Amino acid sequence: MKEIKLSNMSNEQNEHNSCCAGSDPVSLVNLPMAQAEPDDAPCCGAPAGPPSSPFERPGYTLCHFVDSFVETASGAVPRISFCLGLADYMGAVRARLGISRDQYKVSPGLYSVGTAGENSPVLVTANYKLSFDHLRRQLAEVDAWILVLDTRGINVWCAAGKKTFSTAEIIRQVKLVGLERIVKHREIILPQLGAPGLTASQVKKGCGFKVIWGPIRAEDIKDFLENNCKATGEMRQLTFTLAERIVLVPVEISLILKPSLWVLLAIFILSGIGPEFSVSTAFCRWIGLSTAYIFGVLGGAVAVPILLPWLPGRAFYLKGILTGVFFGMASVGILRAEFAGLEAISMMLISVAVSSYAAMNFTGATPYASPSGVEKEMRVGIPVQAIAVLLTFILWIGGPFYGV
Amino acid sequence: MKKFRYLKDVVTLKLDKDLCMGCGVCSEVCPHQVFSVDNQKASIIDLDGCMECGACASNCPVGAIEVNPGVGCASYIIQTWIKGKDAKIECC
């Protein structure tokens, strides 16, 4: 038993009613932790905090969006809030920036909102937290059950494509949560964009619940429910508004960030190749081509998504070429004092090539480009971009040798 | 989505009208109003509007619809060109 030296503590502290140490070392063995009372002498300078929530369980963290728990025939089900708070908005911002968005999940299983009962509808969604929050914020004054599938943290549409928002997963979750003991009816409402991942008739066969196709957008769920689960044509039509396009831009940038660092490194090395090598020359030249490259990224990953419906040409690589020309001219214009002739042409070429490639990559984020169409335009787009890049490097390296 | 039109005559969507029994599920799940159902039969009214998501084919109770669904993202397709269609592809 280690004796605690109290000699370096002041006399004042020794006499103070402290819970940290007794004057007799032996008394530490059986020192019970006293319940914190309002008029207890403060420990560490502040009153004791509130007691733990009665809903806490060892080994589990209580989510901030859980208000309480509802007892059902299949056990306790969390009742969640339909209000989003700062933590949720910050999480959404991080997800949209592509920061750890594959870890942005909620636990799969059954939740409830409002005062859900045996006749309340069951709304199914994915366990990507952005999907979950997107749904629950529309459910003020709604009494419903929310069945969250394990889509590995992926949103409904992509999960349907990857077959994790699937027939098998729905059947599994319905059985796992004991849904048949919780609701009297035998219907589950699925988001329409989950349809590519499953076969409704197989779901019914597998778990006894009939699939009702809900609207595409969560905003329409309340009207849908009030309309006896009948969707209007508008509820079943996809949109791609300016706001919906802009919100996709940060992730496009984050995905191109790492490859861009490699490209910028390659440009630096290439910029050093010339009649006379010096680091300062390499750096000065590097400024030119890397600026043009970055402008190209802006042209393809920012301008094309924003200006999408107004850019002529159906193929995305063509739209990217168009914006690439403008952004390339801008980069040449800004740096016209340092770069002209062959080097300026080289800068134009890389802007156009990168813009075209980034725009072509945006097809995967659109709700209307067919994979067959993307593959078709790539068969022309990729060679065009590759040739442009090759010419870029030939002209960039050759430029100094020819004194232009 | 009227402002957004993609390439023409490329989609792999096919409807077998003989098998079709006019249940209307295809037009219900399609996010682009590609189908219309009249007189107990579905028909494709906007083939170029199709994005090959496969919702219709997955849910047609009689298997009257065929489509090649896929991932419509350029970097994914490049990887299938290099590694083959069945390889494990890293994407978002």
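Convention: sequence-line order gives letters A, B, ...; per-chain numbering from 1. Just so it is clear, the structure is predicted and the values come from calculations on it, not from any experiment.
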Please say whether more than 12 non-hydrogen atoms of neighbouring residues, nucleotides or ligands are located less than 6.0 Å from [atom1] in [X].
| X | atom1 | value |
| --- | --- | --- |
| Trp262(A) | CH2 | no |
| Glu66(B) | CD | no |
| Glu234(A) | CD | no |
| Lys163(A) | NZ | yes |

Check whether [X] gets within reach of chain B through its side chain, its backbone, both or neither, counting any heavy atom under 4.5 Å.
| X | answer |
| --- | --- |
| Leu238(A) | both |
| Thr366(A) | backbone |
| Thr363(A) | both |
| Tyr317(A) | neither |

Report, by ascending residue number, the residues of [range] in heavy-atom contact with chain A at a distance under 4.5 Å; give 'none' if the set is empty.
| range | result |
| --- | --- |
| residues 38-47 of chain B | none |
| residues 27-35 of chain B | Glu28(B), Val29(B), Cys30(B), Pro31(B), His32(B), Gln33(B) |
| residues 11-22 of chain B | Val11(B), Thr12(B) |

Using a heavy-atom cutoff of under 4.5 Å, enumerate the residues of residues 190-200 of chain A that contact chain B, numbered in order, or state 'none'.
-> Gln192(A), Leu193(A), Ala195(A), Pro196(A), Leu198(A), Thr199(A), Ala200(A)
One should read off an interatomic distance between Ser372(A) OG and Ile77(B) CD1, to the nearest 0.5 angstrom, of 8.5 Å
Under the side chain to side chain contact (heavy atoms under 4.5 Å, CB included) criterion, do Ile382(A) and Trp81(B) qualify, and how do the steps go?
-> CA-CA 12 Å; Ile382(A) 299 265; Trp81(B) 285 353; 4.2 Å; yes
Hey, can you tell me if Tyr6(B) and Tyr368(A) have their rings parallel, tilted or perpendicular (30° and 60° cut-offs)?
->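 Plane angle over 60°, so perpendicular.
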Heavy-atom closest pair, residues Glu52(B) and Ser370(A) = OE1-CB, 3.4 Å
Counting only heavy atoms closer than 4.5 Å, note whether Cys50(B) contacts chain A via side chain, backbone, both or neither.
->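 Contact with chain A involves the backbone of Cys50(B) alone.
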Side-chain heavy-atom pair Tyr76(B), Pro371(A) within 4.5 angstrom cut-off = no
Do you know which of Met360(A), Glu375(A), Glu377(A) has the most heavy-atom pairs under 4.5 Å to chain B?
-> Glu375(A)
